[in-house]
Amino acid sequence: MFRNYIKIAWRNLRKSKLLTGVNVLGLAIAFAACILLVLTAWRELSFDQFHTNKGRLQELYITVQRPEGEESRSNFPIPLTPALKQDFPEVKAASRFIAISGSIRYHDKTFQADVKSADADLLKMFSFPLIKGEMHQPLNSLSNVVITANMAKKIFGAEDAINKPVEIYLEGEWKSFIVSAVAKDIPDNSTISFDVVCRFENTPGYVSQKDDWGASSNEVFVQLADHATVAGFERRSGTFVNKYFTAILRDLKRDGVAPGKDGQLMSLHLMPITTIHFNSISSSGGAISKTYPYLLLLIGGFILFIACVNFMNLTIAAAFSRSREIGMRKILGAVKTQLVTQLWGEAVLICLLALVTGLVIAYLLLPGYNALFSNKLSLALLKSPGLLAGVLLGFVLVTLLSGGYPAWAIAKINTLKVLKGSLQAGKSNGLRNVLMVTQFVISSLLICCTLIAWQQLDYLRKMPLGYNRDQVISIPLPYEMDTEQALQRMRNSLSGQTGIAAISGAAINMGRGRDGASQSSIIAMDYKGHSVRSNWLRVDYDYVKALGLTLLAGRDFSQAYGTDSSGLVINEKMAAQLGGVQAALGVQLPVLDSAHPLTVIGVVKDFNFKPLKEDIAPLTMNLVKSWPVQYIFVKVAPGDLQGSMALVKKQWKQLYPGSDIDPSFLDENTDRQYRREQRYSGIFISAAILAIIISCMGLFAISVLVMTRRTREIGVRKVLGASVIGIVALVSKDFVKLVLLSVMIAAPIAWYVMDQWLQDYAYRIHINITVFVAAGGIALLVAVLTVSIQSVRAALMNPIKSIRTE
Amino acid sequence: MIQLKHISKHYPVGFGKNEVLKDVDLTIFPGEFVSIMGPSGSGKSTLLHILGLLEEPSTGEYLFEGEPVQRMSEKKRTQLHRGSIGFVFQAYHLIDELTVYENIETPLLYKNMPASERKSRVADVLDRFNMVAKKDLFPNQLSGGQQQLVGIARAIVAEPRVILADEPTGNLHSDQARVIMQMFKHLNETDKITIIQVTHSEQNAAFGHRVIEIRDGKIQ
């Protein structure tokens, strides 16, 4: 019986090669796209799920009410963690966590490494298993470090790493450590990562800040006791805040800040470790918004649905031409379930063929996909039981939707009608039309969203930022170097060279450099009885000139004045807090300590020193040496930009022969800020293109069927004198109407969705009606072209032939 | 074997109804070879469909082997289709995607017969119809008469007690028609299969024992 079914299915597939091809290819492409999207989403959703204690692990964050609004952050004063462990029985374990260095040295060989400092609890709380060395108290001594297997291999090769001495570059010098244990490599879906981890007491500034409740730096991870709850912890945290943050609370009260929703000025909260990947409050996490993985799944579902609809339409259409077989089988004694099984089985066969093809396509596309969207995916992910179950479930759903419904529809038709031949294939097209409209709604929706997202990105990329992006080279300086000296030497060797306009430095890059780093620091101080907050940016002489900022009052930092090390250059937003551009000049601010105030010497026009998602905030630039310069900025003359870049590289090589730098122009850096958006818009564009292609494959197949059915009508019309154009218009009309309707449905949905998305950006475009017209135009054009292939062929056919064939 | 009592059949047409069969009484005994004759539209095909359980009468009672058909479940009717009733159609209605062999085998598949028995049954039938050489051909590679032979072979392979034939020779020329009719006669005489055929031709009717004339929905 089963063999008989398969035989019939196979012969049917071979009989209608074109339609089968469309079906299988469409589904296969959809499966491939879906697999890639599901893998991407799965990887994002799998972040931090591997910790055995994941249900108990939390990251601490604090919410503070400020005059300018509520602020949440996950950075804490150093003394908070010991106090937390002491005051809260709910806290079973807790660890501070912060990045402290980027370089490690062994026998004069220096390696790039992600060096973190943490409390000993870290390795007990999280599932970072040790594989060698001291298993129980690897961070017992202050001079112990734990390194990952990969790092150990890099540093020591085949040698045993345990008890080897290494040096880490900290606070301008090399400090000695002993490797006490080797940890298994950290999975790449872990938010918390390190190559090397040492005791928190080695953190730069630890000694001076270990009792300072005013400065915030490290993150805090907490493991709750078995019976403790997050709500219980947060309830009791009020007392804790009042006990330790007295000074800050006093200032907030003085500034007249209104309490937040919970009635508190400051409150501690916990977020589960499994959510920090999606939570931008977390300093380590917040890589993407939680909606993105689900959006990917949704798009994958859309594409699959479109392919399923094709399948359904074609199966129904083809099945009616098989109704004689079905009727005969009924008479020979087949019951309905047997018929449904047979027809559904055929669908399963086609789907299986498509799934296998899809897997092959996905496998072939994966390297390119990974490179394009900087992912690290592999099909091996499919082995995880959850995902496998999901894929199988999806597959069964697809076969049920695409094969099950048509099977049921055919199996219930009246036997006698079929045999008498009074049943016409595809007489009622209601369902088919609804399905086709749905397909094109989805396609148009994706096209609209893609166009709008692309416009927004283009707008961000082209928007003037208030500083020069094209002519400024940014050089990230190596960690283990005396950066002040490096800046000075580069300044000396470059100044005066042709093509070099200005040289300066800063502690923070503009945009994101090739090192991918971005950071910011914020200071608060009292001015005339209220507190003033500002971004804090260490720069160097000629910063205004090098970046092409516009001075509104005062002057740039200059070596010509001996007193500039206590000077400040601020932006308009900061000046507004100090009483206006002119009034701010000469103001003395007690930033570091009140005995040595810093003086405002210049005010610059606001410029976007942060990504355009954020509005411009107050900014204070200074020359305070305790924040060392990390980047050199070189402004070069327009014209030979690449020549200037080569010159900069050459000079550096001469000064530091053993050291490599990776300079980049600032416009590259600002583009890199929108990498995530670009990545996702790339996925969106591909999805939109796929959706429209697959929809059109379905449209094509349907038009083939319709034309075959209308051959005689077209022949008769031609005999009666209809023109080719008239006939093409006649048969395309129905499809065009459906596509137009779809665009009309999709436009408002797209407008609403994208308007929500744009709200994320401080600087955004207004959605223009032309987008929808363009999207409609694209959908319509592609659809008309698809249908025309068939209708023109039908119209050009010799009428004698088409009439005779009936 | 078959007993119809006061059978009527009408279809709704607009506000009224179109009466196709009016108060038909008919008894057919086992082993009979009956021909139903009548002009177009007289209701003979409808009568055959009712006999074959493909259509339900509007009123009246139908006993198949003594059992009232109206009270049979869907399952029981399917059982009758599988084992007791064979059909032969004017347009053959072979399954185009299956070979001669597979077409004949299909009813046995629905009877869940074991493979070995199935094989020998189909082989027997092929042998009997002299079609062994053609068993791997598809229906469109055969002439009309050959297709109808396959149709008959398919109808008898499950060894039904009655064959219902709806103008079995309507699409064939006279030579082919004679072969088919002889086959029916042979089946009736040697295998004791009851045969009921609808036909237009006096010649064909002559092969049977009894002719039932039907006119305007009534048996004459």
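Note that these values count all heavy atoms, side chains included, but never hydrogens, waters or copies made by symmetry.
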Please list, in residue-number order, every residue in residues 148-170 of chain B that has a heavy atom less than 4.5 Å from any heavy atom of chain A; write 'none' if there are none. B/Arg154

Counting only non-hydrogen atoms closer than 4.5 Å, can you tell me which residues of residues 70-82 of chain B sit against chain A?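 Heavy-atom contacts from residues 70-82 of chain B to chain A are B/Thr78, B/His81, B/Arg82.
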
Within the 4.5 Å heavy-atom criterion, are A/Ile331 and B/Phe89 side-chain neighbours or not? yes

With a 6.0 Å cut-off (strictly less than), is the heavy-atom count around NZ of B/Lys22, excluding the residue itself, greater than 12? yes

Quick check on B/Asp124: does its CG atom have over 12 non-hydrogen neighbours (other residues, nucleotides or ligands) under 6.0 Å away?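 More than 12 heavy atoms, drawn from other residues, nucleotides or ligands, come within 6.0 Å of this atom.
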
Measure the CG-CE distance between B/Asp96 and A/Met328 for me, rounded to the nearest 0.5 Å. 12.0 Å

I need the B/Glu102 CD to A/Arg11 CZ distance, nearest 0.5 Å.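 Here the rounded value is 4.0 Å.
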
Side chain from CB out, backbone as N, CA, C, O: work out which of these in A/Lys330 comes under 4.5 Å of a heavy atom of chain B, or both, or neither.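 For A/Lys330, the backbone is the part near chain B, not the side chain.
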
Can you see which heavy atom on A/Gly333 is nearest to which on B/Tyr110, and at what distance? O-CB, 4.0 Å

What part of B/Thr99 gets within 4.5 angstrom of chain A, counting heavy atoms only: side chain, backbone, both, or neither? both

